[in-house]
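As a basis for the values below, the full set of heavy atoms in this structure was taken, side chains included, without hydrogen atoms, waters or symmetry mates.
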Amino acid sequence: MDNPRVFKLMICKSLTETLWDASTVLQQFPNNAAFVLEYTIKLLSSSFLNMTTSVVTQFVNGLYESRSDIARFKDNIRDFLVQSKEFSAQDNKDLYAEEAAAQLRERYTEDAFDSWSYSSKRDSRRHG
């Protein structure tokens with residue numbers, strides 16, 4: 001869930017039909033956003049039994065609030081995963097892909113500059 005589309009879709013006015021079946025749901029919701037938030041909280045609470053409902057609720061609300069800021073959205077996911085301690089290194093590698101790429105670009109730029117700087121100094125010694 002590294003993409004906030006579902007949370008953006010919740011506030012979209014094009015979804016006019018309710019997402020829940022009123023005959024099977026005890027609680028009636030004022031809108032689709034409220035339903036999706038509650039459903040997500042229940043789903044995650046049942047999947048992460050070591051997390052309190054309060055922590056899961058805070059996490060889901062954080063995802064909803066950060067739906068327009070992908071960096072903040074991913075930070076919320078990382079924080080939750082660290083709290084849950086129920087993930088493997090393989091599961092979270094995509095969360096750090098952007099940062100790893102930025103570090104590689106930075107290193108490449110530094111190496112290129114160092115190489116250029118060394119070459120410039122060597123050339124100035126030959127001609128100077």
Side-chain angles (χ1 to χ4, degrees):
M1 181 190 290
D2 67 352
N3 194 321
R5 283 188 211 132
V6 71
F7 292 100
K8 287 182 179 179
L9 189 60
M10 288 184 336
I11 60 168
C12 181
K13 300 297 181 198
S14 63
L15 287 176
T16 56
E17 296 296 318
T18 57
L19 297 176
W20 67 94
D21 180 359
S23 66
T24 61
V25 176
L26 298 175
Q27 176 184 355
Q28 295 305 307
F29 300 93
N31 53 45
N32 286 333
F35 169 74
V36 171
L37 286 172
E38 184 65 27
Y39 182 82
T40 305
I41 290 166
K42 285 182 180 176
L43 182 68
L44 290 174
S45 291
S46 66
S47 297
F48 292 90
L49 299 175
N50 62 323
M51 305 296 283
T52 65
T53 303
S54 172
V55 169
V56 173
T57 301
Q58 182 180 2
F59 167 63
V60 172
N61 288 334
L63 292 178
Y64 180 73
E65 291 165 6
S66 64
R67 67 190 177 277
S68 298
D69 181 351
I70 193 71
R72 205 170 118 216
F73 188 84
K74 286 184 176 185
D75 283 344
N76 283 326
I77 293 172
R78 284 185 202 131
D79 291 347
F80 181 77
L81 291 175
V82 167
Q83 283 182 311
S84 74
K85 296 181 183 174
E86 288 194 2
F87 67 97
S88 70
Q90 189 66 14
D91 292 338
N92 73 344
K93 73 177 183 178
D94 291 340
L95 292 173
Y96 295 97
E98 288 176 29
E99 288 81 356
Q103 287 176 349
L104 283 174
R105 281 191 302 272
E106 186 176 320
R107 272 192 243 140
Y108 177 76
T109 302
E110 288 172 0
D111 289 347
F113 179 76
D114 289 346
S115 177
W116 174 80
S117 178
Y118 174 76
S119 177
S120 296
K121 287 177 185 175
R122 191 181 58 191
D123 289 343
S124 67
R125 286 185 194 143
R126 273 194 226 160
H127 301 294

Next on the checklist: Does Gln58 have more than 12 heavy atoms from other residues, nucleotides or ligands lying within 6.0 Å of its CD?
Outcome noted: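 At most 12 heavy atoms, drawn from other residues, nucleotides or ligands, come within 6.0 Å of this atom.
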Any donor and acceptor pair, going by atom type alone, linking the side chain of [X] with main-chain N or O of [Y] inside 3.5 Å?
X     : Y     : answer
Asp79 : Phe59 : no
Asn76 : Ser66 : no
Ser45 : Lys42 : no

Checklist entry - Under 30°, 30 to 60°, or over 60°: which ring-plane class applies to Phe80 and Phe48, parallel, tilted or perpendicular? => result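 Answer is perpendicular, since the angle exceeds 60°.
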Item to check | Which atom of Gln27 lies closest to which atom of Phe29, heavy atoms considered | outcome: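 Heavy-atom minimum between the residues: O-CE1, 3.4 Å.
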Checklist entry - Can you name the nearest heavy-atom pair linking Val55 to Gln83, along with the distance? => result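 Scanning both residues completely, I find the closest heavy atoms to be CG1-OE1, 3.6 Å.
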Checklist entry - Taking atom CZ of Phe35 and atom OG1 of Thr18, what is their separation to the nearest 0.5 Å? => result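 That separation rounds to 8.5 Å.
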Checklist entry - From Ser84 OG over to Leu49 CG, what is the distance, rounded to the nearest 0.5 angstrom? => result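 Here the rounded value is 11.5 Å.
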Item to check | Short side-chain donor-acceptor distance under 3.5 Å, Trp20 and Gln28 | outcome: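 Looking only at side-chain atoms, Trp20 and Gln28 do form a donor-acceptor pair, the distance falling under 3.5 Å.
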Next on the checklist: I'd like to know if Asp75 and Arg72 make a salt bridge, using a cut-off of under 4.0 Å between side-chain N and carboxylate O.
Outcome noted: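 Here Asp75 does not pair with Arg72 in a salt bridge, since their nearest N and O are not under 4.0 Å apart.
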